[in-house]
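All of these numbers come straight from a predicted model, not from anything done at the bench. Atoms within each ligand, like the ligands themselves, are counted from 1 in listed order.
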Amino acid sequence: MDLKNRDLITIDDLTNGEIEALFTLTDEMSDKMPAQYGLCHGKVMATIFFEPSTRTRLSFESAMLRLGGGVISVSDPKSTSFSKGESIADMARIVSAYADIIVLRHPWEGAAKLMADYATVPVINAGDGGHQHPTQTLCDLYTLKKERGDIKGMTIALWGDLKYGRTTHSLIFALAKFGATILFCPSPGLEVPENILHKLVTEYGGELEKFGKNHKVNQTGAFTVDAAYITPEQPHQLAMMPGIDLEVAMKAGVDALYVTRPQRERFTNEEKAADLQFPIVDKKLMSGKELQRALVMHPLPRVDELAYDMDADPRSMYFKQAARGVPVRMALIALTLGAKEVAAPVETVVPKVDYPIYKREYGVKCSNPRCVTWQETEKNYLKPEFKIVSLHPLTFRCIYCEHGTEPKFVASTEWHQGLTESKRYNRANSHLSKKIKSENLIAFDSAEEAEKHGYKAGHYVKSQVVEVSPNE
Ligand code: NCD
């Protein structure tokens with residue numbers, strides 16, 4: 001397999017076979033740490049961390065030093081030209097001249113992809129806002145495999161802040177592609193965003209069932225599940241039946257409980273003001289029948305959601321997860337810099353969906369204000385770009401932050417064929433929109449936006465007709 005010069009932005013960038021091969025190298029490296037010194041001699045890694053970090057930055061830097069390479073680092077945005085308003089594109093070009101590999105942590109969602117688009121050296125995403133954190137996922141998967149073997153068929157419960165916890169976002173897709181069952185146990189109000197669930201079901205197949213609030217699966221009611229995802233390789237029957245009985249489905253018990261802290265730094269003002277509850281994982285919860293065998297995992301740092309009374313428990317994995325960050329990242333750096341090669345095992349290919357791309361300079365903005373496309377420093381050169389994930393209903397996915405956007409109005413290049421007087425826009429949910437081919441599509445967030453660009457309201461704006469019979 002060849003990871004040489006490849007970026008790692010989301011966990012989708014790696015196939016199962018590549019992840020397995022990376023873990024084979026991780027095993028080899030952790031068995032013979034001192035022997036790896038010199039593999040990356042003469043290479044330089046830049047770690048750019050514009051958000052706080054202990055584990056990720058230090059383990060990346062330790063990994064590079066153990067490979068015999070050098071490290072240059074910035075961890076305070078105020079100490080860089082970022083604070084003078086320098087764009088990510090320019091920073092990417094500059095740092096590419098100083099380093100052979102860039103590791104970026106940034107508060108803006110999609111920042112790592114943007115950096116990779118302009119850098120001439122590989123870029124590794126060490127966390128971009130609430131979007132993804134693929135190398136943490138590698139540490140999590142490696143721990144699951146080391147402790148329990150094959151991930152296929154495991155039941156993993158995700159606990160805590162599933163809305164902003166980027167580690168859970170990468171992990172969800174990784175678990176799906178390795179064939180695990182996922183139980184979603186969010187703190188109320190911090191459920192998994194819709195765009196992630198949509199991608200999970202449309203691209204990874206499988207069944208998702210939502211149970212609604214406070215679906216208790218144990219006697220004390222401390223363990224609640226709001227949704228479950230079952231991968232396609234497994235019998236679907238339970239998931240497809242309305243009112244699935246999780247107690248029955250979980251007879252075999254949960255294999256791991258993955259806990260995340262409330263990501264308060266990303267909360268909206270309403271979320272900060274609301275009295276959100278964060279149920280605690282402690283010895284008492286873990287004494288439940290369904291959690292008896294469960295590994296306790298956490299990307300760390302913990303705040304109050306994971307009690308210290310779990311630290312001596314043999315099921316607790318969080319310090320091991322963090323320690324494994326060094327050999328996992330050593331393997332990743334060595335492969336990315338071409339210092340090592342390993343044979344990838346036979347692929348379990350997750351088919352990649354090739355969506356048509358929507359790229360016009362106007363009309364639609366990403367719905368996520370935390371997206372890199374919204375930022376002042378980037379707007380002079382960066383235009384929103386989307387995958388058209390569905391034409392009916394019209395749904396776009398931002399190529400940077402992956403949030404969904406549903407434009408309200410549409411036009412077609414075919415309709416007006418260059419004639420200004422016939423430039424019409426209609427509602428995106430009218431039957432007329434169904435006739436538009438993706439390559440002819442023009443989309444607008446609002447009627448004002450359409451009119452600003454010289455389009456006049458069509459029949460299905462005025463009458464607000466939504467659907468008509470198929471033979472019309
Ligand atoms: C996580 C992160 O930064 O997303 N930490 C880590 O990298 N191990 C989790 C967190 O901050 O809660």
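- Taking Glu194 as the reference, Lys210 meet the salt bridge (charged side-chain N to carboxylate O under 4.0 Å, His left out) condition, with sequence neighbours excluded.
- The contact set between ligand 1 and Gln263, taken as ligand atoms under 4.0 Å from a residue heavy atom, comprises 10 (C), 12 (O).
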List the steps and the verdict of salt bridge (Lys or Arg N to Asp or Glu O under 4.0 Å) for Arg266 and Glu109. CA-CA 11 Å; Arg266 305 197 200 288; Glu109 299 178 9; 5.9 Å; no

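- Listed by atom number, the atoms of ligand 1 under 4.0 Å from Thr167 heavy atoms are 1 (C), 4 (O).
- Atoms of ligand 1 lying under 4.0 Å from at least one heavy atom of Thr56, given by number and element, are 6 (C), 7 (O).
- Checked against salt bridge (charged side-chain N to carboxylate O under 4.0 Å, His left out), Lys84 has no partners two or more places apart in sequence or in another chain.
- Here Tyr118 and Tyr381 bring their ring centres to under 6.0 angstrom of each other.
- Closest to atom 7 (O) of ligand 1 by heavy atom, among Arg264, Gln136, His133, is His133.
- In this structure, Thr260 has no heavy atom closer than 4.0 Å to ligand 1.
- Among all non-hydrogen protein atoms, the one lying nearest atom 11 (O) of ligand 1 is Arg261 NH2, 2.9 Å.
- Protein heavy atom in closest approach to atom 6 (C) of ligand 1: Leu300 O, 3.5 Å.
- The CZ atom of Phe396 sits 13.5 Å away from the OH atom of Tyr355 when rounded to the nearest 0.5 Å.
- What sits closest to atom 4 (O) of ligand 1 on the protein, heavy atoms only, is Arg166 NE, 2.7 Å.
- Among protein heavy atoms, the minimum distance from atom 8 (N) of ligand 1 is reached at Pro299 O, 2.9 Å.
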